[in-house]
Amino acid sequence: MTVTPEKTNDLYPSRGATEVSTPRQDPVVWSEPGAPGPIGGQDLASLERDGFLAIDQLITPDEVATYRAELDRLVADPGIRADERSIIEPQSQEIRSVFEIHKISEVFANLVRDERVVGRARQILGSDVYVHQSRINVKPGFGASGFYWHSDFETWHAEDGLPNMRAVSVSIALTENFDTNGGLMIMPGSHLTFLGCAGATPKDNYKKSLQMQDAGTPSNEALTGFAEKHGIKLFTGKAGSATWFDCNCMHGSGDNITPFPRSNVFIVFNSVENEAVEPFAAPVRRPDFIGARDFTPVR
């Protein structure tokens, strides 16, 4: 007798005929109060309230130099450029992102395993974690395009099958993030409301969305309401600084028309208790290098 697997309950409907707003059904910080970890109680409370936590120096200047050199090596490698894990800027034809860098590069794999990094992820998510996605973002000067407002979880839920909001991202600056070179913007508190976007997901949507967001894009009316309620925080910081942010934060970035590049390492940790299932609102899964199906805990 064939047993049909039980369908995972969809707590966060999206990609339907209309936009739908759903209150968050999950905790933000999953660890028990007072649980040991590198993040202090006040910072955890700030993360829970605002959805993000900025750290002035997560890695040292010497470490920044090591990771910058590795980034430069990867971007200059013709084999990396030809790899499907590299995303090319449409106008300049320069590399915009390289995905799955913790598998491509042992240097970045060491960063993922660093307790200053993975230890914070475990504390926030209250469990062992695996890497749902990793990438280097290269935003060269003079015209690198930005990324429109979106919630990562909306995409990871709809297209990758993450059931719950139990993932956290960290963006580590490898160049200085000025207020003028296309930095990360987040609407504080927006992580407490899930905005289910309107419109069906095209097959192989990822090929377009990694260059320019389309499916999963909130309406101007919804974004206006969010911005009026929550405001917008722009993140700046020296190389070596980091921003942790919840998977459901509404965020985006502008174009970089300055001469100053903006390069970051971006790592998404997901709880091993929140493994991806089938997509909730897409015809097929995205490739593993974008939404991992290897749930091995980081050690």
Side-chain angles (χ1 to χ4, degrees), residues 8 10-15 21-31 39 44 46-54 99 112 117-118 120-135 137 147-172 184-197 206 209-210 213 215-218 226 230 233 235 242-253 264-277 279-282 285-286 290-293 295 298:
T8 304
D10 186 357
L11 297 176
Y12 302 105
S14 190
R15 311 285 173 101
S21 179
T22 304
R24 185 185 185 106
Q25 306 294 303
D26 295 303
V28 178
V29 175
W30 289 74
S31 59
I39 307 175
L44 279 177
S46 176
L47 173 68
E48 192 152 25
R49 180 189 67 241
D50 297 329
F52 57 79
L53 177 63
F99 281 80
V112 168
V117 178
V118 70
R120 283 178 165 86
R122 292 191 190 108
Q123 186 180 5
I124 293 167
L125 301 180
S127 69
D128 279 332
V129 296
Y130 70 92
V131 177
H132 177 70
Q133 184 185 105
S134 72
R135 67 179 185 263
N137 287 334
F147 215 79
Y148 201 67
W149 292 105
H150 65 286
S151 154
D152 286 329
F153 180 75
E154 194 280 335
T155 298
W156 299 340
H157 182 70
E159 300 186 39
D160 296 338
L162 292 195
N164 295 94
M165 294 180 183
R166 200 171 179 180
V168 67
S169 302
V170 61
S171 178
I172 304 171
L184 173 69
M185 296 181 287
I186 292 178
M187 297 184 186
S190 60
H191 63 304
L192 299 177
T193 303
F194 176 76
L195 187 63
C197 298
Y206 77 93
S209 67
L210 294 179
Q213 189 82 357
T217 301
F226 266 52
H230 301 294
K233 164 73 174 175
F235 291 87
T243 305
W244 290 87
F245 59 102
D246 180 81
C247 59
N248 190 47
C249 283
M250 190 64 69
H251 67 288
S253 63
N264 296 62
V265 186
F266 184 78
I267 307 163
V268 181
F269 293 101
N270 188 39
S271 169
V272 296
E273 299 172 11
N274 190 43
E275 292 181 1
V277 294
F280 285 88
R285 300 174 179 179
R286 298 196 299 175
I290 301 173
R293 296 283 161 171
F295 308 128
V298 176

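In what follows, every heavy atom counts, from backbone to side chain, and hydrogens, waters and symmetry copies are set aside. Keep in mind the model is a prediction, meaning the values are calculated, not measured.
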Visitor: Which pair of heavy atoms, one from Trp30 and one from Gly126, lies closest together, and at what distance?
Guide: CB-N, 3.9 Å
Visitor: Treating Asp128 as the side-chain partner and Val298 as the backbone partner, does any N or O pair qualify as donor plus acceptor under 3.5 Å?
Guide: no
Visitor: Hey, what do you get for OG1 (Thr155) to CZ (Arg286), rounding to the nearest 0.5 Å?
Guide: 6.0 Å
Visitor: Using modelled atom types only, decide if a donor and an acceptor are shared between the side chain of Arg49 and the backbone of Leu44 within a distance under 3.5 Å.
Guide: no
Visitor: Can you check whether Val170 reaches Arg120 side chain to side chain, under 4.5 Å on heavy atoms?
Guide: no
Visitor: Looking at side-chain heavy atoms only, is the closest gap between Cys247 and His132 below 4.5 Å?
Guide: no
Visitor: Looking only at heavy atoms, which two atoms of Pro163 and Val277 are closest? And how far apart?
Guide: CG-CG2, 4.3 Å
Visitor: Looking at Pro218, is its backbone amide N or carbonyl O close enough to the side chain of His150 to form a donor-acceptor pair, meaning the two atoms are under 3.5 Å apart?
Guide: no
Visitor: Give a yes or no on whether the backbone of Met165 and the side-chain of Asp26 come within a donor-acceptor separation of less than 3.5 Å.
Guide: yes
Visitor: With a 3.5 Å distance limit and no angle check, can you tell me whether Glu275 reaches the backbone of Glu273 through a side-chain donor-acceptor pair?
Guide: no
Visitor: For the residue pair Tyr130 and Val272, establish whether any side-chain heavy-atom pair is separated by less than 4.5 Å.
Guide: yes
Visitor: Looking at side-chain heavy atoms only, is the closest gap between Met250 and His230 below 4.5 Å?
Guide: no
Visitor: Look only at the side chain of His157 and the backbone of Tyr12, and say whether a donor-acceptor pair between them is shorter than 3.5 Å.
Guide: yes
Visitor: Please check this pair: side chain of Asn248 against backbone of Phe153, looking for a donor-acceptor N/O pair closer than 3.5 Å.
Guide: no
Visitor: How long is the gap from CG on Asp10 to OG1 on Thr22, to the nearest 0.5 Å?
Guide: 9.0 Å
Visitor: Tell me whether Asp160 contacts the main-chain N or O of Leu162 through its side chain, where contact means a donor paired with an acceptor under 3.5 Å.
Guide: no
Visitor: Using a 3.5 Å distance criterion without hydrogens, assess whether the side chain of Arg24 forms a donor-acceptor pair with backbone atoms of Pro27.
Guide: yes
Visitor: Could you give me the CA-CA distance, side-chain angles and deciding distance for Phe245 and Leu184, then say whether side-chain contact (heavy atoms from CB on, under 4.5 Å) is met?
Guide: CA-CA 11 Å; Phe245 59 102; Leu184 173 69; 4.0 Å; yes
Visitor: I want to check something: taking the side chain as every heavy atom from C-beta on, are Glu159 and Ile290 in contact at a cut-off of under 4.5 Å?
Guide: no
Visitor: Heavy atoms, side chains only, cut-off 4.5 Å: are Trp244 and Val117 in contact?
Guide: yes
Visitor: Looking only at the side chains, is there a donor atom on one of Thr193 and Ser21 sitting less than 3.5 Å from an acceptor on the other?
Guide: no
Visitor: Checking Val268 against Asp152 for the side-chain contact (heavy atoms from CB on, under 4.5 Å) test, could you report, in this order, the C-alpha distance in whole Å, the side-chain angles of both residues, the deciding distance, and whether it holds?
Guide: CA-CA 10 Å; Val268 181; Asp152 286 329; 5.9 Å; no
Visitor: Under the side-chain contact (heavy atoms from CB on, under 4.5 Å) rule, what do Phe52 and Phe235 come out as? Steps first, then yes or no, please.
Guide: CA-CA 10 Å; Phe52 57 79; Phe235 291 87; 3.5 Å; yes
Visitor: Given 3.5 Å as the limit, does a donor-acceptor pair link the side chain of Ser31 with the main chain of Gln123, or not?
Guide: yes
Visitor: Determine, step by step, whether Phe269 and Val131 satisfy the side-chain contact (heavy atoms from CB on, under 4.5 Å) criterion, reporting the C-alpha distance in whole Å, the side-chain angles of both residues, the deciding distance to 0.1 Å, and the verdict.
Guide: CA-CA 5 Å; Phe269 293 101; Val131 177; 4.2 Å; yes
